[in-house]
Amino acid sequence: MTSRKQPGTFEEIIKKINQVTTGWVNYYGISRMKRFITDTQGWLNRRLRQLIWKRWKKPKTKYRMLRKYGINHDEAMKLANSRKGYWRISKSEILHQAITIGKLIKWGLKNISQLYELRYLKD
């Protein structure tokens, strides 16, 4: 579902991910797996940042979008013109500042950890 060549809009991809993760938490959530869910959520966030970075394609677009999300000129130029791979860039602190977890949630991604806690960690 998070393939870099995945067709469709970002919203459609997030919708599919939310359906699968919600069902997955409901099915497997009975076991104690808070650490696993936290790791999976981190990986998924990084994978979505990679997908976004690949879809921006051109350095000009990357620079413009980084500036739009509050990154200063020098850092945006460095990152936009970087020749590093998508996966490596997705771990950069600058991209994490631009595409925060809050933005991913605002764009529709459900927080798996929160789903798990609401469902199974009621005390």
Side-chain angles (χ1 to χ4, degrees):
M1 281 189 296
T2 61
S3 171
R4 291 187 341 209
K5 60 185 178 182
Q6 181 75 25
T9 65
F10 191 68
E11 290 78 24
E12 291 171 356
I13 293 169
I14 294 249
K15 184 179 176 183
K16 288 179 192 173
I17 289 171
N18 285 339
Q19 289 173 347
V20 170
T21 55
T22 302
W24 187 79
V25 166
N26 288 335
Y27 187 77
Y28 292 107
I30 296 170
S31 64
R32 298 283 178 209
M33 57 183 197
K34 183 142 178 64
R35 175 73 182 171
F36 177 74
I37 285 180
T38 305
D39 292 344
T40 304
Q41 180 70 45
W43 179 87
L44 184 60
N45 291 341
R46 185 174 175 192
R47 187 69 175 182
L48 290 172
R49 285 185 185 101
Q50 175 193 17
L51 182 69
I52 292 167
W53 188 251
K54 181 170 180 7
R55 287 184 172 206
W56 285 349
K57 292 192 183 241
K58 297 180 180 179
K60 182 179 178 181
T61 306
K62 292 174 184 177
Y63 172 79
R64 188 171 31 93
M65 296 305 284
L66 287 171
R67 292 290 291 162
K68 177 182 175 183
Y69 293 134
I71 304 302
N72 69 39
H73 170 75
D74 293 334
E75 290 178 338
M77 282 299 272
K78 267 196 277 186
L79 198 62
N81 291 306
S82 174
R83 299 182 59 112
K84 294 183 170 106
Y86 301 115
W87 186 245
R88 187 167 174 186
I89 291 288
S90 70
K91 195 172 184 172
S92 76
E93 188 163 331
I94 298 169
L95 195 59
H96 277 252
Q97 291 171 0
I99 305 171
T100 62
I101 295 170
K103 279 194 180 112
L104 290 172
I105 291 171
K106 183 179 148 193
W107 292 336
L109 182 67
K110 290 183 180 177
N111 189 339
I112 304 172
S113 302
Q114 208 170 36
L115 286 174
Y116 178 73
E117 288 174 11
L118 288 173
R119 180 90 167 131
Y120 294 104
L121 295 181
K122 297 176 184 174
D123 288 330

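Computed from heavy atoms alone, side chains included, the values below leave out hydrogens, waters and symmetry copies.
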Please test Ile99 against Trp107 for side chain to side chain contact (heavy atoms under 4.5 Å, CB included), starting from the C-alpha separation and ending with a verdict.
CA-CA 11 Å; Ile99 305 171; Trp107 292 336; 3.9 Å; yes

Spatial distance of atom [atom1] ([X]) from atom [atom2] ([Y]) [nearest 0.5 Å]:
X: Leu66; Y: Gln97; atom1: CG; atom2: CD; answer: 10.5 Å
X: Arg35; Y: Ser113; atom1: CZ; atom2: OG; answer: 11.0 Å
X: Ile89; Y: Leu79; atom1: CD1; atom2: CG; answer: 4.5 Å
X: Asn111; Y: Ile105; atom1: CG; atom2: CD1; answer: 4.5 Å
X: Lys106; Y: Lys103; atom1: NZ; atom2: NZ; answer: 7.5 Å
X: Asn26; Y: Thr21; atom1: CG; atom2: OG1; answer: 9.5 Å

Verdict with reasoning, His73 to Tyr63, per side chain to side chain contact (heavy atoms under 4.5 Å, CB included)
CA-CA 8 Å; His73 170 75; Tyr63 172 79; 2.7 Å; yes

So Trp87 and Trp43, would you call those rings parallel, tilted or perpendicular, with 30° and 60° as cut-offs?
tilted

Parallel, tilted or perpendicular for Trp24 and Phe36, by the 30°/60° rule?
tilted

Taking the side chain as every heavy atom from C-beta outward, state whether Ile52 and Leu104 have any pair of such atoms under 4.5 Å apart.
yes

Exercise: identify the closest heavy-atom pair between [X] and [Y]:
X: Asn81; Y: Pro59; result: OD1-CB, 3.5 Å
X: Arg55; Y: Thr9; result: NH1-C, 3.9 Å
X: Leu109; Y: Ile14; result: N-CG2, 3.5 Å
X: Glu75; Y: Asn72; result: N-OD1, 3.0 Å

Go through the steps to decide whether Tyr69 and Thr100 satisfy the test side chain to side chain contact (heavy atoms under 4.5 Å, CB included), and finish with yes or no.
CA-CA 10 Å; Tyr69 293 134; Thr100 62; over 6 Å; no

Could you see if Trp53 belongs to whatever hydrophobic cluster contains Met77? Use Ile, Leu, Val, Met, Phe, Trp, Tyr and a side-chain cutoff under 4.5 Å.
no

Which residues pass the side chain to side chain donor-acceptor pair (under 3.5 Å) test with Ser90, sequence neighbours left out?
Arg46

Salt-bridge criterion met for Asp74 and Lys78 (N-O under 4.0 Å)
no

By the definition side chain to side chain donor-acceptor pair (under 3.5 Å), identify the one residue from Arg49, Arg47, Gln41 that meets it with Asn45.
Gln41

